[in-house]
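This report refers to the structure that appears directly beneath it.
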Amino acid sequence: MNIAFFLLPKQEVICLTMDSTLRQTLERMEYHRYTAVPVLDKNGQYAGTVTEGDLLWHMKNSDGKITFENASKFLLKDVPLRMDIKPVSIEANMEDLINLAKVQNFVPVVDDMNRFIGIVRRSQIIEYCEKFVSREETMGSRGAS
């Protein structure tokens with residue numbers, strides 16, 4: 001099966017840029033109730049994924065320099081991204097997609113020039129796998145008759 005079948009396209013994905021402020025990042029994540037959001041560079045390439053934990057640890061380790069009140073003065077590009085959320089190529093196979101989805105809530109998808117084109121949610125992959133399990137159970141119960 002082609003990965004494009006599962007793709008939630010870029011225009012439907014909440015993304016941030018490296019030049020987003022911490023305040024913008026926090027507000028977008030809060031508004032959409034996301035715990036992790038893809039980050040793109042100025043060329044639209046996938047740069048990583050920022051998590052709530054990344055933001056909280058960065059603020060905590062700033063020795064009080066970064067607060068919610070002044071978060072608009074600090075940029076996302078200065079936040080260390082602790083989780084290495086790997087993207088998959090649109091040309092990759094389902095096995096690659098499933099392997100990444102085992103450890104990530106979503107899998108960023110990039111084109112052949114590493115430009116971000118969307119995500120595949122882990123829930124979609126689980127639903128896809130569920131169909132095979134259900135089909136096997138159905139086939140197994142027929143054989144038992």
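In this chain, numbering begins with 1 at the start of the sequence shown. The analysis underlying the following values was restricted to heavy atoms, covering all of them including side chains, and did not include hydrogens, waters or symmetry mates.
Between the Asn43 side chain and the Gln45 main chain, no donor and acceptor come within less than 3.5 Å of each other. A donor-acceptor contact shorter than 3.5 Å links the side chain of Asn70 to the backbone of Lys65. Within the 3.5 Å criterion, the main-chain N or O of Gly44 finds no donor-acceptor partner in the side chain of Arg115. Formation of a donor-acceptor pair under 3.5 Å by the Asp54 side chain with backbone atoms of Leu81 is not found in this model. Arg28 contributes no side-chain N or O that, together with a main-chain N or O of Tyr34, makes up a donor-acceptor pair within less than 3.5 Å. Judged by distance alone, the side chain of Gln124 and the main-chain N or O of Leu7 form no donor-acceptor pair under 3.5 Å.
Between Pro108 and Lys86, the shortest heavy-atom distance links the atoms CD-O, 3.5 Å. Taking each heavy atom of Leu26 and Met59 in turn, the nearest pair found is CD1-SD, 4.4 Å. When all heavy atoms are compared, the tightest approach of Asp84 to Gln104 is O-OE1, 4.1 Å. Residues Leu40 and Tyr46 share a closest heavy-atom pair of CD2-CA, 4.0 Å. Nearest approach of Cys15 to Val37, heavy atoms of both residues: CA-CG1, 3.9 Å. Considering all non-hydrogen atoms of both residues, Phe106 and Thr49 come closest at CZ-CG2, 3.7 Å.
If you take CD1 on Ile119 and NZ on Lys10, they are separated by 13.5 Å, rounding to the nearest 0.5 Å. Atom OG of Ser89 is separated from atom CG of Asp111 by 8.0 Å, given to the nearest 0.5 angstrom. Interatomic distance, Ile14 CD1 to His32 NE2, rounded to the nearest 0.5 Å: 3.5 Å. Atoms CG and OH, from Leu97 and Tyr128 in turn, are 9.5 Å apart once rounded to the nearest 0.5 Å. A distance of 7.0 Å separates CD1 in Ile3 from CE in Met94, rounded to the nearest 0.5 Å. Here the CD1-CD distance, from Ile117 to Gln11, works out to 10.5 Å after rounding to the nearest 0.5 Å.
At a threshold of 4.5 Å between side-chain heavy atoms, the hydrophobic network of Ile, Leu, Val, Met, Phe, Trp and Tyr places Val109 and Met113 in two separate groups. At a threshold of 4.5 Å between side-chain heavy atoms, the hydrophobic network of Ile, Leu, Val, Met, Phe, Trp and Tyr places Tyr31 and Val50 in two separate groups.
For Lys102, the side chain to side chain donor-acceptor pair (under 3.5 Å) criterion is met by Asn99, not counting sequence neighbours. For Arg23, the side chain to side chain donor-acceptor pair (under 3.5 Å) criterion is met by Glu27, not counting sequence neighbours.
Residues Thr21 and Lys73 fail the side-chain proximity criterion, which asks for heavy atoms closer than 4.5 Å. Considering only heavy atoms from C-beta on, Leu8 comes within 4.5 Å of Arg121 through its side chain.
When the options Leu76, Thr25, Val79, Thr17 are evaluated for a side-chain contact (heavy atoms from CB on, under 4.5 Å) with Val39, the one that passes is Leu76.
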